[in-house]
Amino acid sequence: MNEQALKDLLYKLADDQLILGHRNSEWTGFGPILEEDIAFSSMAQDKIGHSLAFYTLLHEMGEAAPDTVAFTRNASQFHNSQLVELPNGEYDFSLIRHFLYDNAEMIRFEMLSKSSHEPIAKVATKLKGEVRYHVLHANTWIKHLGASTEEAILRLQSALAEALPFALGLFEVSIYEQELVEAGIYNGEEAVKKEWLQRVQAVLEKTELKLPELGSITPKLGGRYGQHTEHLQPLLDEMAEVFNIDPTAEW
Amino acid sequence: MLTKEHILALLEEVKDPEIPVLSLVDLGVITSVEVEEGHVTVNMTPTFAGCPAMDYMKKDVERTLEKHGITRHTVTMSFDAPWNSNRISEKGRKALKEFGLAPPPAYELVPDLDMLEYSTCPYCNSNNTSLRTPFGPTLCRSMHYCHNCRQMFEQFKPL
C-alpha cells in the first residue's frame with residue numbers, strides 16, 4: 001500500500017477531529033443550557049482524543065510527534081474540511097454542523113473498522129462506539145427542535161442552508177481515492193456520501209426541516225488540500241498559544 | 001516465582017481514579033498480563049480514547065508493581081483489545097451499583113440505540129427512567145432521571 005495515500009487519509013481524519021474538537025470546546029462556559037455546555041465540552045474531549053489516536057498512527061508511520069503535528073503547522077498544512085473550522089455561530093449553527101458532521105464521521109468509522117489496514121481498523125473500531133453517542137445527541141436535538149416552534153425551525157433551516165455547501169466538502173475526493181478503494185482501506189467518499197444522505201434524510205423526515213436541493217449547491221472544496229477560510233489560522237494561533245510560550249516544556 | 005494470577009491480585013489494588021470502589025481489573029481496562037523470565041508485561045486499553053486519566057492509570061499500575069518489588073516491567077496502552085462495557089466484571093458491576101452509579105447493561109454483539117437510552121435506577125431498581133443526556137461529569141457516564149423515585153442518577157455508559 002502506498003504510504004502517502006494512507007497518511008493523506010489519516011491526516012484528514014485527525015485534522016477534522018482536532019479542529020472540530022477545538023470549536024466544540026469553545027462552548028465550554030457558554031452553552032445555552034448547562035447540559036448542552038457539558039455535552040459540547042465532552043464531545044470536544046472525545047474528538048481531541050480521537051485526533052490523538054490518529055496522530056499516533058501517523059507518528060508510528062514516521063511523521064512528527066502528535067503535539068508537534070497539532071500545534072506547529074500553519075493553515076495551509078491542515079487537511080480538515082472547511083466545515084469544521086467555521087466559527088460556532090449561534091447554537092443552531094453548531095447543532096446543525098454537529099448533526100451533519102457526526103453522521104458522516106460515524107459512517108467513515110464504520111467503514112474503516114472493516115479496513116484492510118489493521119492499525120486503522122483497530123482505532124476506528126474503538127472510536128465508532130464513542131461517536132455513536134455524538135450521533136444520538138445530534139439526532140435527538142434535531143428531532144426535538146426541528147419539530148418544535150416556528151422560530152426553532154426557521155433558525156435550523158437557515159443554518160442548514162448555510163452549512164450544507166461546507167458539509168458536502170467533507171466528501172472531497174482524495175487524489176489517492178482509487179488506490180485506497182482498491183486496497184480495501186475503505187469504500188471511498190462517494191459511498192460515504194451516499195449513506196450519509198440517507199441517514200441525514202431519515203432524521204430530517206421526522207421534522208419540519210427540508211434538505212435543500214443538492215443539485216443546486218456547489219460544495220466548498222479545497223480544505224483537504226490546504227485551502228481554508230479566513231477562520232482557520234486565527235484558531236490555530238489560539239490553539240498553539242500556550243505551546244508556543246515554551247515548545248520544549250515538559251507537561 | 002511470579003505468576004499472572006499473582007500480578008492480577010496485586011493490580012486489584014489499583015482503582016479507577018474517579019470511582020474509588022472499582023479496580024482497573026474489574027473495570028476491564030487491564031487486557032492481559034504476561035510473565036516471562038521474571039519480566040512482567042501489563043497490557044491496558046482506555047475506556048474512552050479521550051479519557052484524561054489514561055496516563056494516570058498507566059503510571060498507577062507501574063507504581064503498584066514497583067511498590068511490590070517488581071522492577072522489570074512494561075506497561076503498554078493500546079487499542080489492540082478495545083474496551084467495551086461488557087468487560088466490566090460482575091464484581092465491578094456490583095461495586096458500581098453500591099457506589100450509586102448504574103452499571104451498564106450487558107449486551108450481545110453491538111449496543112443499539114434503545115439500550116443507550118435504557119437504564120435501571122441504582123437507588124430504587126425501577127426501569128421507569130429516561131436518558132437526560134449521554135454526556136455527564138466524565139466521558140464514561142451518562143445522566144438519567146428516575147420517574148419512580150424522582151432522582152437524577154448517573155450510569156456508566158454502555159459502549
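Being a predicted model, the structure only gives us computed values, none of them experimental. In what follows, every chain begins at residue 1, and chains take the letters A, B, ... in the order their sequences are listed.
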* Closest heavy-atom pair and its distance - B:Ala49, A:Glu130 ->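 Answer, listing the atom of B:Ala49 first, then A:Glu130: N-OE2, 2.7 Å.
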
* Would you mind telling me which of A:Glu118, A:His137, A:Lys126, A:Arg132 has the largest number of heavy-atom pairs within less than 4.5 Å of chain B? =>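 Winner by heavy-atom pair count: A:Lys126.
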
* Do you know which of A:Ala44, A:Gly129, A:Ser42 has the most heavy-atom pairs with chain B at a distance under 4.5 angstrom? ->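 Looking at each of A:Ala44, A:Gly129, A:Ser42 in turn, A:Ser42 comes out on top.
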
* To do: Under 4.5 Å heavy-atom distance to chain A, tell me which part of B:Asp80 shows up: side chain, backbone, both or neither.
  =>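 Backbone plus side chain of B:Asp80, per the 4.5 Å heavy-atom cut-off to chain A.
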
* Asked: chain A heavy atoms under 4.5 Å from B:Thr47: which part of the residue, side chain, backbone, both or neither?
  ->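 For B:Thr47, the backbone is the part near chain A, not the side chain.
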
Once you round to the nearest 0.5 Å, how far does [atom1] of [X] lie from [atom2] of [Y]?
X	Y	atom1	atom2	result
B:Leu139	A:Met43	CG	CE	11.5 Å
A:Leu34	B:Thr133	CG	OG1	9.5 Å
B:Met54	A:Leu52	CE	CG	6.0 Å

Any side-chain heavy-atom pair of [X] and [Y] under 4.5 Å:
X	Y	value
A:Glu35	B:Phe135	no
A:Leu136	B:Glu117	yes
B:Leu131	A:Thr140	no
A:Gln45	B:Thr138	no

* Proximal component of A:Leu127, with respect to chain B [non-hydrogen, under 4.5 Å] ->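 Side chain only.
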
* Do the rings of B:Phe48 and A:Tyr133 sit parallel, tilted or perpendicular, given the 30° and 60° boundaries? ->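 Tilted: the ring planes of B:Phe48 and A:Tyr133 meet at 30° to 60°.
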
Over 12 non-hydrogen atoms of neighbours within 6.0 angstrom of [atom1] in [X]:
X	atom1	answer
B:Glu90	CD	no
B:Glu12	CD	yes
B:Arg150	CZ	no
B:Tyr123	OH	yes

